[in-house]
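Structure record follows, encoded as structure tokens.
Protein chains get the first letters and strands the later ones, always in sequence-line order, with residue 1 at the start of each.
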Amino acid sequence: MFDNLKDKLQSVFSTLGKRGALSESDVDNALREVRLALLEADVALPVVKSFIASIRDKAVGATVLKSVRPDQQVIKIVHDGLMEMLGGEASPLKLDVTPPAVILMAGLQGSGKTTTAGKLALHLQQKHKKKVMLASLDLSRPAAREQLRALADQAEAGILPESDTETPVQLTKRAMQAAHLQGFDVLILDTAGRLSIDEAMMAELRDIKAVATPDEILLVADSLTGQDAVTTADAFNNAVGVSGIVLTRLDGDARGGAALSMAQTTGCPVKLVGVGEKLDALEAFDPERMAGRILDMGDVVALVEKAAEAIEEEEAMRMAERMASGKFDMNDFLSQIRQLQKMGGLGGLLGMLPGLGKLQKQIAAAGVDDAMVKRQEAIILSMTKKERVQVGLLNASRRKRIAAGSGTSVQDVNKLVKQYQDMARMMKKMGTKSGAAAMKAMLGGGGGMGGNPMGGGMPSAEQVSQLQQQMQKSGMPGGGGFNPFGKGGGLPGLGGPPRKK
Amino acid sequence: MSWLKKLTAGLKKSSDKVSSSLSGISRLFGKGRIDAASIEEIEEALILADLGVSVASEIAEGLRARNWQGEVTPDVLREALAEQLTDILLPVEKPLTFKQAEGENDLHVILLVGVNGSGKTTTAGKLAARFQAQGRHVVMAAADTFRAAAIEQLSGWGARTDTKVISGERGGDAAALAFRAIDEARADKADVLIIDTAGRLQNRAELMEELAKIIRVIKKQIPEAPQDSLIVLDGTVGQNAIAQMKAFQQTADLTGMVITKLDGTAKGGIVVALAREFGLPVHMVGVGESAEDLQDFTARDFAHALVGLNPE
Ligand SMILES: Nc1nc2c(ncn2[C@@H]2O[C@H](COP(=O)(O)OP(=O)(O)OP(=O)(O)O)[C@@H](O)[C@H]2O)c(=O)[nH]1
Ligand SMILES: Nc1nc2c(ncn2[C@@H]2O[C@H](COP(=O)(O)OP(=O)(O)OP(=O)(O)O)[C@@H](O)[C@H]2O)c(=O)[nH]1
Ligand SMILES: [Mg+2]
Ligand SMILES: [Mg+2]
């Protein structure tokens with residue numbers, strides 16, 4: 001069998017030194033393996049291509065860190081990219097509408113629509129205390145209606161009485177009326193399986209949609225699907241506008257790249273997954289697990305978390321060293337801003353630090369929020385590489401260009417430059433021997449003291465108040481993104497900042 | 001509509017992709033050579049058809065290594081590609097035939113297995129229709145005792161094709177049902193017994209064991225049965241088909257394959273990879289939901305449809 005991606009990347013990078021940035025050729029070698037892994041997982045080729053292109057941009061030039069192997073670093077970049085494409089987090093069904101909420105199930109033949117309709121009915125009745133009615137609009141498959149009726153009985157849900165004379169559109173109308181009159185909270189419409197190239201059947205689906213005006217149109221798809229996932233998802237989405245994807249048969253051992261293909265093609269989240277034939281085998285989609293599955297790495301989460309931790313820690317140390325030597329340019333400023341964002345924004349972070357409650361209030365009063373942090377990031381990103389290192393270059397016309405480029409005003413740019421200058425000045429002050437040591441301790445080094453839960457990297461009250469004064473003096477609420485407390489590792493007593501799951 | 005037309009229509013979308021990427025191959029340099037970009041395009045077209053990366057690149061490489069004579073136009077290239085695919089598929093082109101042994105165990109048992117929703121029950125119905133048309137005496141057995149209305153579904157096919165369906169209770173023992181079905185089919189002096197089984201994912205050990213048990217029980221009645229143990233594969237399936245084949249091969253001692261849903265946009269290109277790895281006969285393809293939408297598999301037609309050529 002194939003080696004898994006982890007082993008392959010390890011061998012790609014086995015010759016690479018541990019210093020410097022990831023070169024184009026290293027990255028290309030690694031991405032060849034990633035491409036192969038994704039194709040083997042049945043991610044559709046066009047999706048693989050665009051994914052690889054975006055990952056490449058992120059990976060080339062990424063600094064190789066001391067404490068993380070480059071293969072792990074690449075895996076982290078790939079994993080984060082997958083998570084982003086898969087929608088980041090679970091997204092719930094939209095059911096908070098005037099009842100009845102209508103859910104339309106659609107998809108290819110045999111994908112699992114009827115079973116999923118039954119599962120949903122059970123789930124909504126049991127977990128959400130909703131009164132659910134099922135209605136079969138499938139006149140094609142033998143015993144399709146009996147199948148749905150049996151599932152409705154099992155789930156103790158309502159079922160629309162059958163009729164042999166009505167068309168699917170007529171059935172839809174009757175179902176809407178019945179659900180309304182009988183006070184159902186949710187109406188689930190199960191449709192016949194259809195091919196996306198079957199014009200008549202796709203027209204029928206559009207007609208059903210027009211009558212039902214569903215709150216959710218769920219494309220039910222098989223996780224065993226290959227390259228066709230893109231074609232099918234695209235066609236259904238174009239025809240009726242899909243609102244979510246249900247991926248069935250995840251209890252199988254397919255890598256399930258179809259999830260990525262369809263999410264990317266439709267821009268719709270995978271909302272639910274089927275993990276068995278029984279009615280309770282329905283789960284919320286977990287992008288993190290899906291990413292690990294597609295990459296064929298069971299332990300990818302642990303691995304990525306470890307890498308992320310190491311990356312943050314090393315970044316903090318690097319920052320401390322630069323500060324201590326009095327070097328602090330816009331790139332450093334930017335990485336501080338970003339790190340702050342990652343840690344759940346200003347409010348969350350400051351709230352966790354002892355002695356900063358007052359400062360937090362002042363910050364709130366000054367209107368420092370995460371939107372502002374985003375703006376600052378945009379401004380720095382609009383600077384050229386040279387400008388970021390030599391801030392002195394920023395004359396009026398350059399500032400005007402940067403403001404235009406970042407969608408902010410020259411005033412905003414001026415403010416940021418001022419904040420940066422104050423910060424740099426402060427850095428210099430702290431660049432004394434004792435200052436540097438204190439800084440290092442605060443920023444996560446902590447030396448051998450990490451064992452003491454309250455000692456270690458904890459800043460002294462004196463240091464905190466000193467910083468507080470500095471910040472206030474320079475008119476920098478929270479340092480405008482400055483995060484003097486580095487990563488959570490420096491504050492072992494606090495258990496670190498909340499990590500985004 | 002002839003099956004070929006249906007299949008070609010169904011494969012059209014995929015072949016459009018293949019052919020459009022092939023017609024883009026105009027950057028040919030020198031005589032009798034193809035450039036790397038063209039090879040890459042072919043490889044990508046094959047990947048898009050679900051052949052899988054390694055088979056796709058091997059085939060593309062094979063094309064490049066050929067001793068080309070004269071100008072290599074896209075048409076020439078496409079024809080060569082179709083030929084190469086035909087060569088791979090020809091060994092597995094074997095229609096479903098069965099000799100009825102005179103005398104003793106005259107019941108021919110066909111067992112349909114596969115993952116959920118692949119088309120087993122529908123294929124059972126289509127097969128019944130085909131055998132009926134051949135004047136054989138067919139009986140079907142509803143050994144999917146698990147899924148809601150699976151029995152009613154097969155009974156529906158029984159009614160459609162005028163075929164007797166032997167069934168039991170939902171939730172009953174599938175192996176016991178198979179045992180009884182053989183008795184009844186024999187008593188009816190049937191020629192063929194088609195046993196429909198529940199869909200099962202190949203990684204579910206307990207379900208695979210249930211299948212093994214069904215087969216053991218069948219063999220107790222007729223040692224050489226099931227004479228045909230057919231895996232029904234969904235034509236939209238990706239690389240997981242290989243794992244499916246391995247597991248079902250092991251448990252059900254497969255004798256052949258049926259590929260369904262080839263009337264859609266999926267290419268079924270995995271068949272090429274499976275043909276190479278397993279060499280198991282591909283008997284038939286499903287090209288629709290009606291009784292007549294079951295056709296013999298033909299390597300040449302399949303290969304040509306795959307690369308967007310008319311097989312004539
Ligand atoms: N293992 C497993 N089987 C599933 C899952 N979801 C559905 N199935 C099975 O897949 C098969 C087909 O499911 P159906 O619900 O009938 O599919 P459908 O989309 O309604 O089919 P048509 O109406 O014919 O288009 C059945 O055997 C189901 O039990 C799942 O999450 N896991
Ligand atoms: N378009 C098309 N649909 C097909 C074909 N074969 C089967 N189907 C459809 O696929 C769906 C599932 O088929 P079934 O025969 O119920 O599949 P199965 O393998 O018996 O499913 P389970 O018993 O639930 O595992 C039904 O809607 C069939 O009508 C085919 O060749 N073309
Ligand atoms: Mg159905
Ligand atoms: Mg079935």
Side-chain angles (χ1 to χ4, degrees), chain A residues 2 35-36 39-46 48-49 108-112 114-115 118 140-154 192-198 221-232 235 248-249 251-258 274 276-277 279, chain B residues 9-10 12-14 17 44-45 47-50 52-54 56 115-119 121-122 125 146-160 170 198-204 234-241 243-244 247 260-261 263-270 288-289:
Chain A
F2 309 105
R35 172 180 178 274
L36 196 63
L39 287 172
E40 279 166 5
D42 286 326
V43 179
L45 184 65
V48 172
K49 281 185 167 178
L108 295 181
Q109 285 92 346
S111 64
T114 308
T115 307
S140 325
R141 168 168 161 178
R145 292 176 295 181
E146 287 83 345
Q147 186 187 2
L148 192 69
R149 182 154 22 86
L151 297 176
D153 286 349
Q154 239 169 286
R194 64 202 69 220
L195 298 172
S196 64
I197 46 170
D198 188 332
D222 183 348
S223 60
L224 311 177
T225 312
Q227 298 283 320
D228 183 58
V230 154
T231 316
T232 292
T248 61
R249 295 180 201 133
D251 47 327
D253 59 6
R255 303 256 296 275
E277 297 185 68
L279 284 196
Chain B
K12 188 168 165 16
K13 190 117 182 194
S14 55
K17 257 183 217 151
E44 291 195 344
I47 289 172
L48 272 171
D50 279 322
V53 179
S54 58
V115 298
N116 307 83
S118 65
T121 307
T122 307
F146 179 78
R147 214 206 60 215
I151 298 167
E152 290 83 346
Q153 187 187 359
L154 192 69
S155 300
W157 276 103
R160 261 190 208 186
R170 183 172 171 211
R200 67 197 80 230
L201 295 175
Q202 74 280 3
N203 59 331
R204 299 284 301 276
D234 187 324
T236 64
V237 72
Q239 302 305 303
N240 191 251
Q244 292 174 27
T260 64
K261 306 182 195 175
D263 46 330
T265 47
K267 300 93 201 158
I270 192 71
E289 297 184 77

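For the options Leu151(A), Asp198(A), Leu39(A), Thr114(A), heavy-atom pairs under 4.5 Å to chain B are most numerous at Leu39(A). In terms of non-hydrogen atom pairs under 4.5 Å with chain A, the most contact-rich of Gly156(B), Ala148(B), Ala159(B) is Ala148(B). Comparing Asp222(A), Leu148(A), Leu45(A), Leu108(A) by heavy-atom pairs within less than 4.5 Å of chain B, the highest count is held by Leu45(A). Among the candidates Glu152(B), Lys261(B), Arg204(B), the residue making the largest number of heavy-atom pairs closer than 4.5 Å to chain A is Lys261(B).
You'll find the side chain of Thr232(A) reaches within 4.5 Å of the side chain of Thr265(B), heavy atoms only. Contact of the Gln239(B) side chain with the Arg255(A) side chain is not registered, since no non-hydrogen atoms from C-beta on lie closer than 4.5 Å. The shortest distance between side-chain heavy atoms of Leu224(A) and Gln244(B) falls below 4.5 Å.
Gln202(B) and Asp253(A) share a side-chain donor-acceptor pair at under 3.5 Å.
Only the side chain of Arg141(A) comes within less than 4.5 Å of a heavy atom of chain B; its backbone N, CA, C and O stay farther away. Proximity to chain B is absent for every atom of Ala44(A), based on heavy atoms less than 4.5 angstrom apart. In this structure, chain A has a heavy atom under 4.5 Å from the side chain of Val53(B), while its backbone stays farther away. Contact annotation for Arg35(A): only side-chain heavy atoms (C-beta onward) come within less than 4.5 Å of a heavy atom of chain B.
Nearest approach of Gln153(B) to Pro142(A), heavy atoms of both residues: CG-O, 3.4 Å. When all heavy atoms of Ser140(A) and Arg160(B) are compared, the closest pair comes out as O-NH2, 3.5 Å. Among all heavy-atom pairs drawn from Ala150(A) and Arg170(B), the shortest one is CB-NH1, 4.2 Å. Contact between Leu48(B) and Pro46(A) at its shortest, heavy atoms only, is CD2-CD, 3.9 Å.
Without hydrogens or angle criteria, Asp228(A) side chain to Lys267(B) main chain gives no donor-acceptor distance under 3.5 Å.
Under the side-chain hydrogen bond (donor to acceptor under 3.5 Å, both in side chains) criterion, Asn116(B) pairs with Glu277(A), not counting sequence neighbours.
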